[in-house]
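One structure is given here, and the rest of the page talks about it.
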2 protein chains.
Amino acid sequence: MRQPIAQGRTQKLDSKRHASAQEILDAAATAFSERGYAATSIDDVADVLGCTKGRIYHYFRTKGDLFIGIHLQALEWALEAVGPTAERADLGPEEKLREMVHRHAMHLMNRASYMGPAQYQIEMNLASEGRNKDEQMARILKMRRQFEAYYATVVEEGIAAGAFRGTDANILVKAVLGTINWMHVWFRPGGPQDSTVERERTAAELAEFAVRGVVA
Amino acid sequence: MRQPIAQGRTQKLDSKRHASAQEILDAAATAFSERGYAATSIDDVADVLGCTKGRIYHYFRTKGDLFIGIHLQALEWALEAVGPTAERADLGPEEKLREMVHRHAMHLMNRASYMGPAQYQIEMNLASEGRNKDEQMARILKMRRQFEAYYATVVEEGIAAGAFRGTDANILVKAVLGTINWMHVWFRPGGPQDSTVERERTAAELAEFAVRGVVA
DNA sequence: GTCTATAAATAGATAGAC
DNA sequence: GTCTATCTATTTATAGAC
């Protein structure tokens, strides 16, 4: 027998008469983050919402559209979280990287249900199957490249300025990203010790780790 | 139309008359590492082997058994790769951690097809569904805890000795593990720049990053 | 030991009632 | 806008031929 996803998470829709695309996307993110995209059925998503799949198909034509929608939203938020810091001219490489990692980590914790599925990059291939998804796939890849470019730029600036170790910018970037992105495996929102203060402490800790890993 | 997995990877079985469980596990690992467990069908695995699924079901009763077999093998190898170093008494915390990370990273690259699927911990819940899988699941979890304990111990030793920053051993361990485990997302065996020398360099780079992240 | 054929269940997607 | 009913394809697993 399969464990239900919904458990107490069914949306209270009293205040609104109709579902919105955003509410459906939220439910899909919750379901995908628990089971993974491929193993989640549309009926599972409907269960989280407390409705039947007819409602979902009214807003999204395919299951892949749900996945793409979650990715786009997650990346949009991620770029908003990190981009402004990456583009600040008043910060040195070390302080800039520290704040980027801190904000990135906070984003991953605050939007865990969206960011979790967005880490399963293998499953993107599944979601992109079918007619004319290429355009949105290109958008996702472009945003992901932009996001990584923020990190690549600050690391390269740091190396050029002599502030960071000048070994291999590429691997340093992957190391920093791994430090943060791996959170989707071990961080559980609403866990026993989860709180705003604790999240800030975790983010600061990871930022310190990453900065020390790259400084000269 | 779906992309085939097999492409040129069909096993040459000329030297052996019959398939072995190990060969089937290899094929499953290849298939799972490319598509993920849930999205891979038994027919996909059979395609990689260049046979039909009758052969696979002769050796493995369920799809979940394949996944569990891959996990057990991956973790067994991982413990072999890191355990001996973790238990050496002649190394200080810094040098011990450096070598553990180096060996761990090498293992991840050398056994990428097995280690990739083993990172998708969410899918373990799927594979463990069905009758009496609990015992093997417990074995997997025990091995995973043992593996993490190796890192926890060296980090705690380092903190106690004053060699590592004494902030939060738990998060430091997760940060180190993330640095390495995230490789399954970006490292592609047989890629354009892949070579033994390059793998050693990558492992050394990640080890340096991780050690610097924790030293006082 | 490996294959073909098939049973049984599940899931993506659609049609049409309300 | 949401639901029920259903079509169709896929997939896990089994039975039995070779």
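Numbered from 1 within each chain, the chains take letters A, B, ... in sequence-line order. Values below: all heavy atoms of this structure, side chains included; hydrogens, waters and symmetry mates excluded.
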task = Between protein and nucleotides 8-13 of chain C, map the contacts as a letter string: B base, S sugar-phosphate only, - none, heavy atoms under 4.0 Å, written 5' to 3'.
result = ---SBB
request  = Kindly assign one of parallel, tilted or perpendicular to the pair A:Y120 and B:Y120, based on the angle between their ring planes and the thresholds 30° and 60°.
outcome  =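 Tilted.
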Take the protein atom [atom1] of [X] and the nucleotide atom [atom2] of [N], then report the distance between them rounded to whole Å.
X: B:L126; N: D:dT12; atom1: CG; atom2: P; answer: 12 Å
X: A:R55; N: D:dT2; atom1: CZ; atom2: C1'; answer: 7 Å
X: B:I56; N: C:dT4; atom1: CD1; atom2: P; answer: 13 Å
X: B:E129; N: D:dA13; atom1: CD; atom2: P; answer: 11 Å

inquiry  = I'd like to know if the side chain of B:Y59 pairs up with that of B:D65 as donor and acceptor (distance under 3.5 Å, no hydrogens or angles considered).
reply    = no
inquiry  = Hydrogens and angles aside, do A:Y114 and A:H71 bring a side-chain donor and acceptor to less than 3.5 Å of each other?
reply    =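 Side-chain D/A pair, A:Y114 to A:H71: absent.
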N or O in side chain of B:H58 less than 4.0 angstrom from C:dT2 OP1/OP2 =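 No.
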query = What pairs with A:F209 under ring pair (Phe, Tyr, Trp, His ring centres under 6.0 Å), at least two apart in sequence or on another chain?
reply =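 Expected list: B:F209.
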query = Can you pull the salt bridge (charged side-chain N to carboxylate O under 4.0 Å, His left out) pairs that have at least one residue in residues 199-211 of chain A, sequence neighbours excluded?
reply = A:R98-A:E208, A:D194-A:R199, A:E198-A:R201, A:R201-A:E205, A:R201-B:D168, A:E205-B:R165, A:E208-A:R212
message = I need the B:T62 OG1 to B:Y57 OH distance, nearest 0.5 Å.
response =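 Reported to 0.5 Å precision, the distance equals 7.5 Å.
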remark   = Among the nucleotides D:dT4, C:dC3, C:dT2, whichever has the atom closest to the side chain of A:T52 is D:dT4
